[in-house]
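Since the structure comes first, as structure tokens, the remarks are kept for the end.
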Amino acid sequence: AGEGERLRLAIIGALLDEALVRLLQKFRASHPQCQIHIADLPAGAQLDALKSGAVDGAFIGAPVKHAGREVVSVTWKRERLLLALPERHPLAAAKAVPLARLQPESWVMISRTAAPAFRRQFDALCADAGFAPRIVQESDRVAAVLTMVAAEQGISLLPEAVSRLIRAGVALRPLRGEKPMLEHTFIYRARNANPALGDFARLLQGN
């Protein structure tokens with residue numbers, strides 16, 4: 001009752017963590033009159049929703065190239081990318097794994113449709129290691145990718161935050177000699193006149 005403002009945000013549910021929750025809580029504390037609507041959408045759908053005006057801003061994950069001049073990007077957090085292995089995989093006992101050693105492996109990955117920028121980053125990492133990954137299965141959802149890894153369908157590369165989604169069947173290990181990071185990006189349209197969005201963007205930039 002009495003809430004006269006609205007802020008519509010899109011997130012990737014699998015990447016929701018305490019840092020984002022604290023940001024939302026901090027914004028609500030300073031804007032108690034603003035109602036926040038959250039939509040859980042994959043990265044590709046987030047960009048479409050933003051351009052159509054269905055959401056005011058989107059936590060899209062990896063930075064998006066060619067999003068258009070009207071789209072503003074704010075990098076607000078960086079996170080390690082880790083190798084996800086079936087817990088019975090021979091390399092699961094290693095403290096760290098060289099990426100080049102994974103050339104013969106089968107990979108299960110988040111789809112290009114769901115996360116195009118992340119998949120380009122993954123392709124570049126493998127190319128630098130001297131191989132093209134053999135991808136045997138894809139999914140639009142991180143939880144499904146983790147389930148396929150646990151079922152020993154293949155290995156994957158995922159943000160560290162996904163460790164909270166599954167407690168058994170998957171071993172997460174860093175890459176030896178590599179410290180790939182996922183930049184978490186918030187995007188919004190420069191011409192969006194919602195004052196709550198402007199305040200939220202400034203909160204992110206000052207985070």
Side-chain angles (χ1 to χ4, degrees), residues 8-17 19-21 23-24 37-68 70-86 99 102 105-127 131-166 169-170 172 175 180-189 204:
R8 302 164 302 168
L9 302 175
I11 65 169
I12 298 173
L15 301 184
L16 178 65
D17 61 4
L20 181 52
V21 170
L23 279 169
L24 294 173
H37 294 257
I38 303 288
D40 184 356
L41 298 172
Q46 284 190 16
L47 187 58
D48 292 339
L50 183 75
K51 290 185 174 181
S52 71
V55 299
D56 296 305
F59 288 90
I60 202 165
V64 179
K65 293 183 179 180
H66 312 302
E70 76 280 8
V71 176
V72 179
S73 297
V74 177
T75 299
W76 69 281
K77 189 181 74 169
R78 300 177 78 242
E79 177 183 19
R80 286 196 306 171
L81 290 171
L82 299 177
L83 183 66
L85 299 160
L99 183 57
L102 302 173
E105 296 287 340
S106 299
W107 293 81
V108 293
M109 295 295 298
I110 193 75
S111 72
R112 292 187 187 278
T113 301
F118 172 67
R119 283 295 298 273
R120 285 193 295 270
Q121 181 181 1
F122 172 68
D123 290 344
L125 286 169
C126 293
F131 71 95
R134 183 166 64 94
I135 297 172
V136 295
Q137 293 191 60
E138 295 182 332
S139 175
D140 290 347
R141 298 294 179 181
V142 171
V145 172
L146 282 169
T147 301
M148 288 188 284
V149 172
E152 302 183 350
Q153 298 299 299
I155 67 173
S156 192
L157 189 71
L158 294 167
E160 188 171 15
V162 306
S163 60
R164 76 188 190 287
L165 296 178
I166 192 166
V170 176
L172 295 172
L175 293 173
M181 306 291 289
L182 176 66
E183 291 187 346
H184 288 262
T185 306
F186 179 74
I187 59 174
Y188 62 96
R189 290 176 297 154
L204 277 177

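Residues satisfying the ring-ring contact (aromatic ring centres under 6.0 Å, His included) criterion with F122, sequence neighbours excluded, are W107. A114 pairs by the side-chain contact (heavy atoms from CB on, under 4.5 Å) definition with P42, I110, S111, D140, not counting sequence neighbours. Among residues two or more places apart in sequence or in another chain, the side chain to side chain donor-acceptor pair (under 3.5 Å) test is passed with R8 by D56. For S106, the side chain to side chain donor-acceptor pair (under 3.5 Å) partners are R134, not counting sequence neighbours. Under the side chain to side chain donor-acceptor pair (under 3.5 Å) criterion, E152 pairs with R88, sequence neighbours left out. Every residue meeting the side-chain contact (heavy atoms from CB on, under 4.5 Å) condition with I12, not counting sequence neighbours, appears here in chain and number order: L15, A43, Q46. Checked against salt bridge (charged side-chain N to carboxylate O under 4.0 Å, His left out), R112 has the following partners two or more places apart in sequence or in another chain: D123. Shown here are the salt bridge (charged side-chain N to carboxylate O under 4.0 Å, His left out) partners of R80, two or more places apart in sequence or in another chain: E160. Taking E138 as the reference, R119 meet the salt bridge (charged side-chain N to carboxylate O under 4.0 Å, His left out) condition, with sequence neighbours excluded. Partners of Q137 according to the side chain to side chain donor-acceptor pair (under 3.5 Å) rule, which considers only residues two or more places apart in sequence or in another chain, are Q153. Partners of D17 according to the salt bridge (charged side-chain N to carboxylate O under 4.0 Å, His left out) rule, which considers only residues two or more places apart in sequence or in another chain, are K77.
Applying the salt bridge (Lys or Arg N to Asp or Glu O under 4.0 Å) test to residues at least two apart or on different chains, the pairs with a partner in residues 37-48 are D40-R141.
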